[in-house]
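Here's the structure we're looking at; comments come further down.
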Amino acid sequence: MINIKENEQLNVLNHSCAHLMAQAVKRLYPQAMFWVGPVITEGFYYDIDLGDAVLSEDDLPKIEAEMKKISKDGKRISREELSKEEALEMFKDDPYKIELISHMEGVIISAYRQGEFVDLCRGPHVATVKELKFYKLLKVSGAYWKGDSDNKMLQRIYGICFATQEELDNHLNMLEEAKKRDHKKLGRELDLFMMSEFGPGFPFWLPKGMILRHILENFWYDEHTREGYQFIQTPIMLSQQLWEVSGHWFNYRENMYTSEIDDKSYAIKPMNCPGGMLVYKNSLHSYKDLPLRVGELGLVHRHEASGALNGLFRVRNFTQDDAHIFMTEDQIESEVVRLIAFIDRIYSVFNLTYTIELSTRPLEKYIGEIAVWDRSEAILEKACHAAGKACKINPGDGAFYGPKLDFHIQDSLGRVWQCGTIQLDMNLPERFDLTYVDSDGSKKRPVMLHRVIFGSVERFIGILIEHFGGAFPLWLAPVQVEIIPVHPVLHLEYCNQLKERLLDLNIRVEIDDRNEKLGYRIREAQVKKIPVQIVIGDGEVAANQVNVRRYNKTENIVESVDSWIAALLSEIKEKKI
RNA sequence: GCCGGCUUAGCUCAACUGGCAGAGCAACUGAUUUGUAAUCAGUAGGUUGUAGGUUCGAGUCCUAUAGCCGGCACCA
């Protein structure tokens, strides 16, 4: 992906292009008034008030055509510097500009003019509109004025501009490729999961998707066992009282599903923590047992806004690969270092790279002492560096109960997803009065970490589907081996024997003995993205061999059954990508 | 929740300004018995998301509603 923000030249191009678009829009819709048109990670947008006019995607070509016309005219772009009074006078008919200008103090106010069009702008811009050649308007949408849902909705047009046709084409190709990899599409084609209008946001897992889930979950349990985690499962539904104690009722009541049991109010858990707190309190804990690592693949439900739902990426029930770690304050750093290394190991198995961000104390909504926050933030940052990782600060973006490290993974198309997070919690140990017995026999308050690595198992699977384009590595593939007899009857016996042998080794295998041509069945296996296809004919039966073809490859290799199985097993064991 | 768009067979899509709902793939049946990306023929498949309305006549126009998609807002 091209990160436009990091490239000054592209930045200027895109911002200038936003003005060009605005000029075109103004010509086509003279009543248009403009709010802001910033450069974003990929391209630019402009927020526009069009009065009663409504834009749809169909209008974009028309606007683009007008843009081409303007850029061909090749007007120079000139900068004008204005006093606040001059600026207010110049834009006196535009309430949006007046709003912007009235908040400007002690800065040089500048406007950029190209032909008949002038817009307030800090700049810089390209010298003439002629330089803008390789751009594309991508989508339209609504956007709240000033990003506040209480405000009126403006119309937003997104676009992107490059210095060369090639870069533009590459970008558009990437968008095409992303469309092909859409997990909703692949989920249907590969029979992984389904959605129903009877349960918006509640995914159904199909047999092949279940296999994927199980493998991922087993992988998760195995790795966490090695890391010294214990596992629990807490109830889906617990009394409202508990959520009042935890504070969730106060903060998230609107997004919780509730029900009555014997005249008492219950809520379906939107988080696993309170249940975990009860488990912790179920027994006495010694300082010798810390850090205590307790994991739970916990199914949580949250009432997400209908417009937020999006395939597996945003759902109303999902499984957090949650864990709570209880420890003493001086164990935090080493535990976090260890955790970062752990997360690194997990992501690398999927060939996912990542960056870490430290989110610090929110300006207003936070609990606890500032000194404790500062200390905690320092510990997290230090741990990050101790783990040899860069750490970008995200000021004010922490949870109200503590600072956190967020892991942003990058998939094979360069798209970024926030998955893992390590959060310090200064709230729950207090609210639930958690204690451990220290070496001197006194009761002390433990420090607590929440952490997830996948984030949500459902969403992580969605990301993996798109990351791999549905062609999962062998160890993850729902069907690993497709056995195809050349002759659907004559070679079937041998195929069945081979299948039994593979099943004994826990290899997921199917035989395609349908009455179809070999080419047809090879094609089917390729389309279903099955990693290994085995063709069995007279030669293979006679010599106790297999003829192996891999997904997306055209060559086929004949080898002995034993050596092939050995290689297959080792590839699975290594979780080779 | 908000703005815009979409919804026709299991899937992908067609049906001019309102005038007989159609194709490919998949499924099923039969023939074929197959050597590395689609063998041939036939059969079946629909209250055009749902509920109203306009009209002689609605997949097509209008209203409402649900779901989905692209964003916005939200995301413990």
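Quick note on labels: first sequence line is chain A, next is B, and so on, each numbered from 1.
Between Asn394(A) and Asp406(A), the closest side-chain pair of non-hydrogen atoms is not below 4.5 Å.
Remark: P of rC6(B) and NZ of Lys179(A) are 15 Å apart, rounded to the nearest angstrom. Atom CG of Leu492(A) and atom P of rG35(B) are 17 Å apart (whole Å). Rounded to whole Å, atom C1' of rU36(B) lies 14 Å from atom CD of Glu524(A). The interatomic distance linking Arg521(A) (CZ) with rG35(B) (P) rounds to 9 Å, in whole Å. Straight-line distance from the NZ atom of Lys146(A) to the P atom of rC2(B): 23 Å, rounded to whole Å. Taking atom CD1 on Ile484(A) and atom C1' on rA37(B), their separation rounds to 11 Å, with Å as the unit. Between Asn151(A) atom CG and rC3(B) atom P there is a gap of 14 Å when expressed in whole angstrom units.
Using a distance-only test at 3.5 Å, with no hydrogens or angles considered, a donor-acceptor pair links the side chain of Arg181(A) to the main chain of His467(A). Of the possible polar contacts, none joining the Gln320(A) side chain to the Val300(A) backbone as a donor-acceptor pair under 3.5 Å is found. Formation of a donor-acceptor pair under 3.5 Å by the Trp373(A) side chain with backbone atoms of Ile367(A) is found in this model.
Look at Arg451(A) and Asp322(A) and you find no salt bridge, because none of the NZ, NE, NH1 or NH2 atoms lies under 4.0 Å from a carboxylate O.
Glu510(A) pairs by the side-chain hydrogen bond (donor to acceptor under 3.5 Å, both in side chains) definition with nothing, not counting sequence neighbours. Shown here are the side-chain contact (heavy atoms from CB on, under 4.5 Å) partners of Pro235(A), two or more places apart in sequence or in another chain: Leu238(A). Judged as a side-chain contact (heavy atoms from CB on, under 4.5 Å), and not counting sequence neighbours, the contacts of Lys553(A) are Arg550(A), Glu555(A). Looking at residues two or more places apart in sequence or on another chain, you find a side-chain contact (heavy atoms from CB on, under 4.5 Å) between Ala53(A) and Tyr29(A), Gln31(A), Leu50(A). Evaluation of the side-chain contact (heavy atoms from CB on, under 4.5 Å) rule for Met210(A) yields Trp205(A), Arg213(A), His214(A) as partners, not counting sequence neighbours. Every residue meeting the ring pair (Phe, Tyr, Trp, His ring centres under 6.0 Å) condition with His324(A), not counting sequence neighbours, appears here in chain and number order: His450(A).
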Report summary line: Dot-bracket assigned to RNA chain B with the 3.5 Å Watson-Crick/G-U criterion, [ ] for crossing and | for other-strand pairs, is (((((((..((((.....[..)))).(((((.......))))).....(((((..]....))))))))))))....
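Within residues 424-434 of chain A, no residue approaches RNA chain B, by heavy-atom distance under 4.0 Å.
In the displayed structure, Lys392(A) atom NZ is contacted under 6.0 Å by at most 12 heavy atoms of other residues, nucleotides or ligands. Residue-environment remark: CD (Glu99(A)) exceeds the threshold of 12 foreign heavy atoms within 6.0 Å.
Of the C1' atoms belonging to rU54(B) and rC62(B), the separation is 7 Å, rounded to the nearest Å. Nucleotides rC3(B) and rA76(B), compared at atom P, are 25 Å apart to the nearest Å. Nucleotides rU8(B) and rA15(B), compared at atom C1', are 10 Å apart to the nearest Å. Only the C1' atoms considered, rU43(B) is 31 Å distant from rU60(B), to the nearest whole Å. Distance check on atom P: rG59(B) versus rG18(B) gives 13 Å, rounded to whole Å. For the P atoms, the distance linking rG35(B) with rA44(B) amounts to 33 Å, nearest Å. Rounded to whole Å, the P atom of rU63(B) lies 29 Å from the corresponding atom of rG22(B). Nucleotides rG52(B) and rC25(B) are separated by 37 Å at their P atoms, to the nearest Å.
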Set out, line by line, the N/O atom pairs under 3.5 Å between protein and nucleotides 38-47 of chain B.
| residue | atom | partner | partner atom | Å |
| --- | --- | --- | --- | --- |
| rA38(B) | N7 | Arg523(A) | NE | 3.0 |
| rA38(B) | N7 | Arg523(A) | NH2 | 3.4 |
| rA38(B) | N6 | Arg523(A) | NH2 | 2.4 |
| rA38(B) | N1 | Arg523(A) | NH1 | 3.4 |

Atom pairs under 3.5 Å, N or O on each side, protein against nucleotides 7-12 of chain B: can you list them with distances?
| residue | atom | partner | partner atom | Å |
| --- | --- | --- | --- | --- |
| rU12(B) | OP1 | Arg188(A) | NH2 | 3.0 |

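Heavy-atom distances to RNA chain B give each of Val54(A) and Gln533(A) a nearest nucleotide, and the one nearer the 5′ end belongs to Val54(A).
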Under 3.5 Å, which donor-acceptor pairs do the side chains of residues 530-541 of chain A form with other protein atoms, sequence neighbours left out?
| residue | atom | partner | partner atom | Å |
| --- | --- | --- | --- | --- |
| Gln533(A) | OE1 | Gln526(A) | NE2 | 2.8 |
| Gln533(A) | NE2 | Ile530(A) | O | 2.9 |
| Asp538(A) | OD1 | His491(A) | NE2 | 2.7 |
| Glu540(A) | OE1 | Gly537(A) | N | 2.8 |

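A cation-pi contact, defined as under 6.0 Å to the ring centre and within 45° of the axis, links Lys139(A) to Tyr158(A).
Val489(A) comes within 4.0 angstrom of no nucleic acid atom, judged by non-hydrogen atoms across all strands. At the heavy-atom level, Asp538(A) lies under 4.0 Å from base atoms of the strands shown.
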Requested in this report: List the protein contact pattern of nucleotides 65-76 of chain B with one symbol per nucleotide (5' to 3'): B for base contact, S for sugar-phosphate-only contact, - for none; contact means a heavy-atom distance under 4.0 Å.
Outcome: -SSSSBBBBBBB
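Within the 6.0 Å centre-distance limit, the rings of Tyr257(A) and His303(A) are counted as a close aromatic pair.
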Report task. Determine, stepwise, if the pair Glu335(A) / Arg293(A) fulfils salt bridge (charged side-chain N to carboxylate O under 4.0 Å, His left out). Result -> CA-CA 10 Å; Glu335(A) 188 62 21; Arg293(A) 308 182 183 98; 2.6 Å; yes
